[in-house]
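Beneath this line is the structure, given in structure tokens, with notes to follow.
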2 protein chains.
Amino acid sequence: MMFVMNRPGSRRKRSKGDLTSQAILDTAEQLLETKSLDEIAVDELTSGAGISRSTFYFHFESREAVLYALSERVAEGLYDSAALWLRRGSEPPAESIRRAISGTVALWRAHGPVLRAAVRARDTSEMVRGFWSEVARKFIESTAQQIEIERDAGVAVAGPPSARALATVLVSMNETMCYSLSLGRKSAARDREVVETLTAVWLRSVYGVPQ
Amino acid sequence: MMFVMNRPGSRRKRSKGDLTSQAILDTAEQLLETKSLDEIAVDELTSGAGISRSTFYFHFESREAVLYALSERVAEGLYDSAALWLRRGSEPPAESIRRAISGTVALWRAHGPVLRAAVRARDTSEMVRGFWSEVARKFIESTAQQIEIERDAGVAVAGPPSARALATVLVSMNETMCYSLSLGRKSAARDREVVETLTAVWLRSVYGVPQ
DNA sequence: GAAATTATTCGACACGGTGTCGAGTGAGCA
DNA sequence: TGCTCACTCGACACCGTGTCGAATAATTTC
């Protein structure tokens, strides 16, 4: 189901090492459903992958490096979701915002454990922090840009707060809510409520209230 | 500067054990300014307090228990801050909300390291989670109550989202922003910007936009 | 104020996890 | 066939944790 590519375009056959790396990553993703990253011992990872503990260090530098690799698996989907922030044509704002938020929630539902571990590791691992702050930057950037477009068009309420500050708060808010939502049992009703609430806050904060 | 009381009303003299517990707590709070809780080894705590490592376990069950005790030190101030959520008399909403948010930001500035450690430990330690979810509950509860009062008075925009769902999102948002704000260098300008932005989101989400 | 009790401290120990090293092993290729 | 390089392994040194029982300091009891 999941896989890591060799360098793009490489026709090199999947080597044995790739397979073990894969097995480690799969085991890690599975274990993260139960425990946090630093509760996972290296030998849990390797016994799950059918190799000895020391072999782990041939494939990864550390547990954090595993998380980094897992993050890359998810990042692609995240960027797709980011593209949704940009409003399409004449569609009303409520629709595009709801759709974008729905997409983010769905992604957190699909990869909650990895995303939560990544968020937590931001405070710990320089490597992970760099990666995810870049992701966050793109989200915030495109949101701020969109807010500015709407303000220039006279559709959105003017600042202060600046488009950038507002975008930062809104994006962080989404992340926080997705994090805590993904901790609970999967529930379509709860998902819908969160999407509705977040959408309402976005709309009111950016556009004001529809009378 | 900081101290822990014996049972209230007890006139028992400060025992030696109380003093070492204190020293451990003070050392912990100081170390948290630099490292996260699980980067702090027990012997860093005890050497800071001038005792041997094993003596630590006489005073605390674990590192998490230390954090719990530190949380209690801060909790009081937090409840004072919570009381501010409730709007005072005829004061305009913008004022009371800005004042409440300012209070929270100030508290995070004063005790950022402890509060951050506590937030992180929520996912790890049952004890810490219980304590802080109770704190969060009170914040959310009183906010939701206030939103309902304003809605009934026709001042705030009606739901959905429900007062409770809206309150949850807004309170979490504040926490998240305070967390990341307290990570950066102390800056009055930045503080002001964050307070303004959060206030704006609260006002627009609860009351709608002033034309 | 001496004896008994309780509070506090300590060093030693067993345990479990980490990361490294050098010695294998084996698959593919010249 | 033999070389090379990717891969694997067990052994080892290290570090932090948590527990135990013995030693000592403080406090209470008589």
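Throughout, protein chains are lettered first and strands after them, A, B, ... in sequence-line order, and every chain is numbered starting at 1. Excluded from the calculations below are hydrogen atoms, water molecules and symmetry mates; all remaining heavy atoms, backbone and side chain alike, are included.
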Is it true that [X] and [Y] have a side-chain N and a carboxylate O under 4.0 angstrom from each other?
X: A:E39; Y: A:R120; answer: no
X: A:R190; Y: A:E193; answer: yes
X: B:E148; Y: B:R151; answer: no

Measure the distance from [atom1] on [X] to [atom2] on [N] and round it to the nearest whole Å.
X: A:D18; N: D:dC7; atom1: CG; atom2: P; answer: 7 Å
X: A:L45; N: C:dT18; atom1: CG; atom2: C1'; answer: 13 Å
X: A:D38; N: D:dT17; atom1: CG; atom2: C1'; answer: 15 Å
X: B:I40; N: D:dT17; atom1: CD1; atom2: P; answer: 11 Å
X: B:E44; N: D:dG16; atom1: CD; atom2: P; answer: 8 Å
X: B:I51; N: C:dT9; atom1: CD1; atom2: P; answer: 6 Å
X: A:E39; N: D:dT17; atom1: CD; atom2: C1'; answer: 16 Å
X: A:F60; N: C:dT18; atom1: CZ; atom2: C1'; answer: 17 Å

Does OP1 or OP2 of [N] have a side-chain N or O of [X] closer than 4.0 Å?
X: A:S52; N: D:dC9; result: yes
X: A:H59; N: D:dA6; result: no
X: B:T55; N: C:dT8; result: no
X: A:T20; N: D:dT8; result: yes

| request: Kindly indicate, with the supporting measurements, whether the criterion side-chain hydrogen bond (donor to acceptor under 3.5 Å, both in side chains) is fulfilled by B:S172 and A:T176. | output: CA-CA 7 Å; B:S172 311; A:T176 301; over 6 Å; no
| task | Without swapping roles, check the side chain of A:S205 against the backbone of A:W202 for a donor-acceptor pair under 3.5 Å. | result | no
| Distance-only, no hydrogens or angles: does the A:R63 side chain make a donor-acceptor pair with backbone N or O of A:I40 under 3.5 Å? | yes
Can you tabulate the close N/O pairs, meaning under 3.5 Å, that link protein atoms to atoms of nucleotides 18-25 of chain D?
unit_1	atom_1	unit_2	atom_2	d
D:dG18	OP2	B:Y57	OH	2.9
D:dG18	N7	B:R53	NH1	3.3
D:dG18	N7	B:R53	NH2	3.1
D:dG18	O6	B:R53	NH2	2.5

| said: If I compare all heavy atoms of B:T46 with all of B:R53, which pair ends up nearest, and what's the gap? | reply: OG1-CA, 3.5 Å
